[in-house]
Amino acid sequence: MAAVFKNPVIRWIDHRLPVFSYLQHEANDYPTPKNLSYWWNFGSIAGFMLMVMIATGIFLAMQYTPHVDHAFNSVERIMRDVNYGWLLRYIHMNGASMFFIAVYIHIFRGIYYGSFKPPRELLWIIGVVILLLMMATAFMGYVLPWGQMSFWGATVITNLFSAFPWVGPKIVTLLWGGFAVDNPTLNRFFSLHYLLPFVILGAVVMHVIALHRFGSNNPTGIDMKGQQDSIPFHPYYTVKDLYGLGVFMLFYAFWVFYAPVALGDPDNFVPANPLQTPPEIVPEWYFLPFYAILRSIPNKLVGVIAMFSSILVLFVLPWLDRSPVRSGAFRPAFKRFFWMLVFDCAILMFCGKYPPTNYWMPFDLTVMSPDDIIAGTKLVVDDLGSITFANGHFGIQIIFLGQLAAIYYFAFFIVILPLLSIFERTLPLPLSISKAVLPQGGGGLQQPAAAKAMEKA
Amino acid sequence: MADHAQTAQGAGETRRDFLYLMSASAAAFGTAAVVWPFIDMMNPSSDVLALSSIEVDISGVQVGQAITVKWRGKPVFIRHRTPEEIASAQKADPEVDAKGHVIANPAGLRDPQTDASRVKKPEWLILVGVCTHLGCVPLGQKSSDPRGEFGGWYCPCHGSQYDTSGRIRKGPAPLDLEVPAYAFEKDTVVKIG
């Protein structure tokens, strides 16, 4: 069912290589639910960020030297001497953060609206694979400038694998290519940092193929039941995606031009020193929740397993949340637990930022170190990790807060979702997308009960 | 006739199964043989392995002082222990039998080892200065550094505390600080590696 094109050249090519038919079918006519909200923008924004990262990365690689003696200086040279080097590097650096912002919103949207539910399980699983690849790529990219945080971040993360019994130390030596993070490590990280984005690109293509099999989910979570529920992707969603992208770009440009190093760590302006660990090793913001889970468990192996599990649990999400209702809009109990999960991830992020032995003072809005506490205000320390001060204010040890947050994170997926699938009383679903979104119920038959339920949601 | 055909067919299937099995194992073996050089290429190369020993002059290290040297890309701590530090390390020793098996561990060491088994000369404590948790370099080499509750080393990353024998006493690290292979060439020169 090749499309017919007016231009004879396009017609000639399309007859032999049907790329234009393919684009016409998948990007132009592609029927899309007519009620997609702006939460559906972040997939295309993430795709755009991947392109930005690949484009800037290719040009940065032309100026970068992957050697322990030259890496740091070559990055400084990019910043000072290379034409527009500062711009491309800041776009790339902050681009990683923007990519993660887009992807995290995209993931939370998928969880809220049940976009992982049948028949979209594989679409979701490919997405989790993309997330894992992104994390590996971001981690290795962060090592390349060879600052203190690059070096020690690489040391701590590669050492995670030493937790596994027997093979652990061998794996770590294999990752390093030596007995510590050194030049061979930097070289292989550069090689893989260049490779993985193209692997991600391949996974994104599969993600889109799987998406187009059944089409986008939508805020009501019910399937399209005919032409009246859909509109062609172009121009309706191309223009909506472009508008959202423009707003996102303003946000992105703010960081690039006004706060280019605000998301980074000052320690990475110090060249790597293998003999001195910085006072605190803190990963970039997008890894903080996982780092907090790692640190909240005192046992090394269990901590490492918990950290990996926090992402791996997403793979089985379609089989944990078995509620037949996709959209959180019709699931009153789920909705509350979902927002608690979002809040919980924010707490984990906060816990990952501070040393585990410090105390969070909820009424003073500060974090205090034990040294400050020894300085005289301590009154009562109890076994639960809370502390009460002479002035009546109390503090909670970061590690304890992190443990609570980690417990909720896993409980949400492993306990709450399976139970909700059984016990939750969901609201009545609208009969169709049209009936849900059009004021008169989309013409035709009136369904007052369904329309009422929708208003409540 | 029918019997004969069936037997022949059966025999044919057995032979085919055998061929499948053989070709599959040949393919698996061949794939492994091709993959292994790629994996092993990532392991430490000969020049990295060749840099495996150093000699250190320790004549200038006074009692109570410590120095850090670099060996195989890692810091090695050489600490000239005071008599008090040696005594406090020995106080926490587990009881061992003649074969070195632990029979009692009153100090509750996580990775019980006697101080004597971790040193060649009691005054010289030589350790790989890498926290066994996630590989940070513990603080405690300078007298102004925090040394934790047990007077040895304190890891700033996740709060592991080591005693004056480099044994893990508190915090998330699972093992004692590693003792590298070393030998005293002379009284003032130690060869590490």
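FYI, side chains are in, hydrogens and waters are out, and symmetry mates aren't considered; it's all heavy atoms of this structure. Order of the sequence lines fixes the chain letters, A, B, ..., with proteins taken first and strands second; residue numbering starts at 1 for each chain. The structure presented is a predicted model; accordingly, all values stated were derived computationally and were not measured.
Residue with the most contacts toward chain B among A/Ala163, A/Pro355, A/Gly178, A/Ser162: A/Gly178 (heavy-atom pairs, distance under 4.5 Å).
For A/Phe139, the CZ atom sits in a packed shell: over 12 heavy atoms of surrounding residues, nucleotides or ligands are nearer than 6.0 Å. Sparse packing is recorded around NZ of B/Lys191, with 12 or fewer heavy atoms of other residues, nucleotides or ligands lying under 6.0 Å away. Environment of CG in B/Asp40: crowded, with over 12 heavy atoms of neighbouring residues, nucleotides or ligands closer than 6.0 Å.
With a threshold of 4.5 angstrom between heavy atoms, A/Pro279 approaches chain B through N, CA, C or O but not through any side-chain atom. The contact between A/Leu294 and chain B is made entirely by side chain atoms (from C-beta outward), counting heavy-atom distances below 4.5 Å. Interface residue B/Ile39: backbone and side-chain heavy atoms are both found under 4.5 Å from chain A.
Among pairs with a residue in residues 171-193 of chain A, those fulfilling side chain to side chain donor-acceptor pair (under 3.5 Å) read A/Thr158-A/Trp176, at least two apart in sequence or across chains.
Going from atom NZ of B/Lys74 over to atom CG of A/Leu275 covers 13.0 Å, rounded to the nearest 0.5 Å.
Side-chain N or O atoms of A/Lys300 include none that pairs as donor or acceptor with a backbone N or O of B/Ala173 at under 3.5 Å.
In this structure the side chain of A/Phe179 reaches within 4.5 angstrom of the side chain of B/Leu49, judged on heavy atoms.
Pairing each heavy atom of B/Gly73 with each of A/Ala180, the nearest pair is O-CB, 3.5 Å. Of all heavy-atom pairs between B/Lys70 and A/Pro274, the closest is NZ-CG, 4.0 Å.
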Validation: residues 84-92 of chain B side-chain donor-acceptor distances under 3.5 Å, sequence neighbours left out:
unit_1: B/Glu85; atom_1: OE1; unit_2: B/Thr82; atom_2: N; d: 3.1
unit_1: B/Glu85; atom_1: OE2; unit_2: B/Arg79; atom_2: NH2; d: 3.2
unit_1: B/Ser88; atom_1: OG; unit_2: B/Glu85; atom_2: O; d: 3.4
unit_1: B/Ser88; atom_1: OG; unit_2: B/Thr164; atom_2: OG1; d: 3.2

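When A/Thr155, A/Leu160, A/Ile157 are each tested for a side-chain contact (heavy atoms from CB on, under 4.5 Å) with B/Leu134, only one passes: A/Leu160.
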